[in-house]
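This report concerns only the one structure given below.
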Amino acid sequence: MILVLKKGITQEQKNHIRSILRKEGCIVREMLEAGRSVIGAIGKPGRDPDFFRQLPGVVKVIPISTSFKLVSREMHSEDTLVQVGDVVIGAERIVVIAGPCAVESRDQALRIAREVKRCGAVLFRGGAFKPRTSPYVFQGLGQEGLKILSDVRREVGLGVVTEITSPTQADMMMKYVDVVQVGARNMQNFELLKCVGRMGKPVILKRGLSATIEEWLMSAEYILSEGNDSVVLCERGIRTFEPYTRNTLDLTAIPVMKKLTHLPVIIDPSHATGIRDKVAPMARAAIAAGADGLMIEVHHDPDKALSDGLQSLYPKQFERLMRDIYVIAPVIGKQLDFSYLDKATAVERLSEATGVGGRRAAFLGEAGTFSHKACTQYFGSNVTAAPVSSFKAIFQAVKEGEVDFGIVPLENSLTGSIHENYDLLLEYDLRIIGEITLRIMHHLIAHPGAKIENIRRVFSHPQVFQQCRQFLEGHDRWELVSVKDTAGAVRQIKEGGDPANAAIASKEAADIYGMEVIEEGIETNPRNYTRFVVIGTRRLENGPRRKSSLIYSAGNRPGALYETLKIFAENGINLVKLESRPIHGKPWEYMFYVDLEADVESDSFKPMLDALRKHTDYLKILGSY
Ligand code: PEP
Ligand code: MN
């Protein structure tokens, strides 16, 4: 059961409640639920709920209806985030774990680790103790394999995941690896589950070969009941009557588990299919279905792999898959971040260099805006998002060092460029150090329980009304009230308390203010994306360098622009954006804003930049990112 506690409850009252529950033989956990303290009690207390309801400090008692308790969403409604070094599993950045089935040698492991890291994997997997069907085939390198994994961690900079097959390996695992995996065959090895529960290291718990979802959750319950909440559930296919694939991947498990449990869910398409060319389609589907991550087998020479070669991707295939996921992720409100780890290191280094801990990034508006979401998706929880009231104030705050970064929208796929920010990029001497694209989904948000037929007034940003025109035309009696930002609209209707008022904003804004989405996805065109850039005073060390942005003027001569474009063409550089903006104070003269798919600041493009300088009157490199 869950005991919801009074706001001003004293420590003494809490202690009293806890000690009663313990005496009744319950496992007791204190948590924050929607900003409120609750105590979760697992067990069968002798006294009935009414007894607990009247204890001083208790507001109400809610029974947990499922057989699994600690892992249940009823117990803990917010998503659990599992932290492995700089990597967070369960948040909006998709976590891809990749590597060979088994560690075969130091060279093999290091080589594959470097490849998968280059493609965007953030954790490395490799088995050292292999649970094989036949006792006569390769069983893994054992402890030597674990040592190799710790070399990978040190030399390549990836956290490492490996399977534990017996409690006797626990000490070794504590020493050499970052995440322990409980394999499908051991999902109901209860002594092993208790052991990893006590180890306290993050655990990936695979679904058993023929385990039901409830059995799988009960196994996770064993781990949590020992005090370890860092559990990631991994669906890897189940046994069915279908022999064509090695197993049948149960993708329904993703939305089912997301509803039942707060723990992150990842998918292993390699063991699920057993066939190399079936891995990428299922991986893409898993991300589209809402998985928090993937675990994928990759081998540089799968024909010679000592295990699971047939299902291992070539690095090139893995790279292609990662690019697909990069594109798919924003559709479902997530990101695949190619510079996930480099960003964390760069932010840490920045902190060391300035001697000030805690980095900040300025965004427009208030918590719950799309700018806020862009900020948290780009930096994860490493950087504090700081609300600022105008775009200019963001540039100014970065320039003056009040914040370390700023995040500003540059263009929307439906409405085009945000010119104010292009002008500010020209005016301020700051750099673009990164970019992030968000899908913009608008929702009609109202007071909990409100009905759409009772809505009279809708608050939002004027541009949002434009983007939801079709939906709003169907409700032409509604009064539209323009406000500065979408999250502010939700706050205003909340504070006003009038159930006839609604707002149009993001789901995040609804959650922040405890309001309810009453109509989802009301934007007219679902291909509504906004591209944001991150600005700073200096480039991120080892940051991404796939694109560059330039501003230049080419002079008022025939063929002047053509001459500059020719330079890009001759250097094989793909131009992805070209836009002209008037030069202030010089009527009918223009600056060109150009985005290129190249790191023009790298040495190899020096001659190209020299040539460009000769053909331009003014040239500013905004950054390579
Ligand atoms: C593995 O990950 O290499 C493995 C043996 O997986 P499973 O336990 O899912 O069969
Ligand atoms: Mn395998």
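Along the sequence shown, the residues carry numbers beginning at 1. Every number for a ligand or one of its atoms is a count from 1 in the order of the listing.
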request  = Using atom types as modelled and distance alone, determine if a side-chain donor or acceptor of E33 lies under 3.5 Å from a backbone N or O of S77.
outcome  =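 At least one qualifying donor-acceptor pair exists.
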key: Donor-acceptor pair, side chain of R207 and main chain of E235, under 3.5 angstrom   =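 No, the answer is negative, given that no donor and acceptor are paired below the 3.5 Å cut-off.
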task = Dump the intermediate steps for salt bridge (charged side-chain N to carboxylate O under 4.0 Å, His left out) on R125 and E163, then the final yes or no.
result = CA-CA 9 Å; R125 62 145 289 151; E163 180 165 351; over 6 Å; no
key: Result of checking L123, L149, L158, V160 against D178 for side chain to side chain contact (heavy atoms under 4.5 Å, CB included)   =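 So the option named by the test is V160.
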Decide if atom [atom1] of [X] counts as having more than 12 heavy atoms of other residues, nucleotides or ligands within a radius under 6.0 Å.
{"X": "L209", "atom1": "CG", "answer": "yes"}
{"X": "R239", "atom1": "CZ", "answer": "no"}
{"X": "R360", "atom1": "CZ", "answer": "no"}

ask   = Are E78 and H262 close enough that a side-chain donor and a side-chain acceptor fall under 3.5 Å?
value =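 Distance-only check fails for E78 and H262.
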When you check ligand 1 against the protein, what N or O pairs turn up below 3.5 Å? List the atom names and distances, or just say none.
unit_1   : atom_1 : unit_2 : atom_2 : d
ligand 1 : 2 (O)  : R125   : NH1    : 2.8
ligand 1 : 2 (O)  : R125   : NH2    : 3.4
ligand 1 : 2 (O)  : Q181   : NE2    : 2.9
ligand 1 : 2 (O)  : K206   : NZ     : 3.0
ligand 1 : 3 (O)  : R125   : NH2    : 2.9
ligand 1 : 3 (O)  : K130   : NZ     : 2.8
ligand 1 : 3 (O)  : H271   : NE2    : 3.1
ligand 1 : 3 (O)  : E297   : OE2    : 3.4
ligand 1 : 6 (O)  : K206   : NZ     : 2.9
ligand 1 : 8 (O)  : A184   : N      : 2.8
ligand 1 : 9 (O)  : K206   : NZ     : 2.8
ligand 1 : 9 (O)  : R236   : NE     : 2.6
ligand 1 : 9 (O)  : R236   : NH2    : 3.4
ligand 1 : 10 (O) : R185   : NH1    : 2.8
ligand 1 : 10 (O) : R236   : NH2    : 2.8

query = Does the ring center of F532 lie less than 6.0 Å from the ring center of Y378?
reply =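 No; Y378 has its ring centre 6.0 Å or more from that of F532.
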task = Provide the protein N, O or S atoms situated under 2.8 Å from the Mn ion (ligand 2); waters are not included.
result =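 Less than 2.8 Å away from the Mn ion (ligand 2) sit C101 SG, H271 NE2, E297 OE2, D308 OD2.
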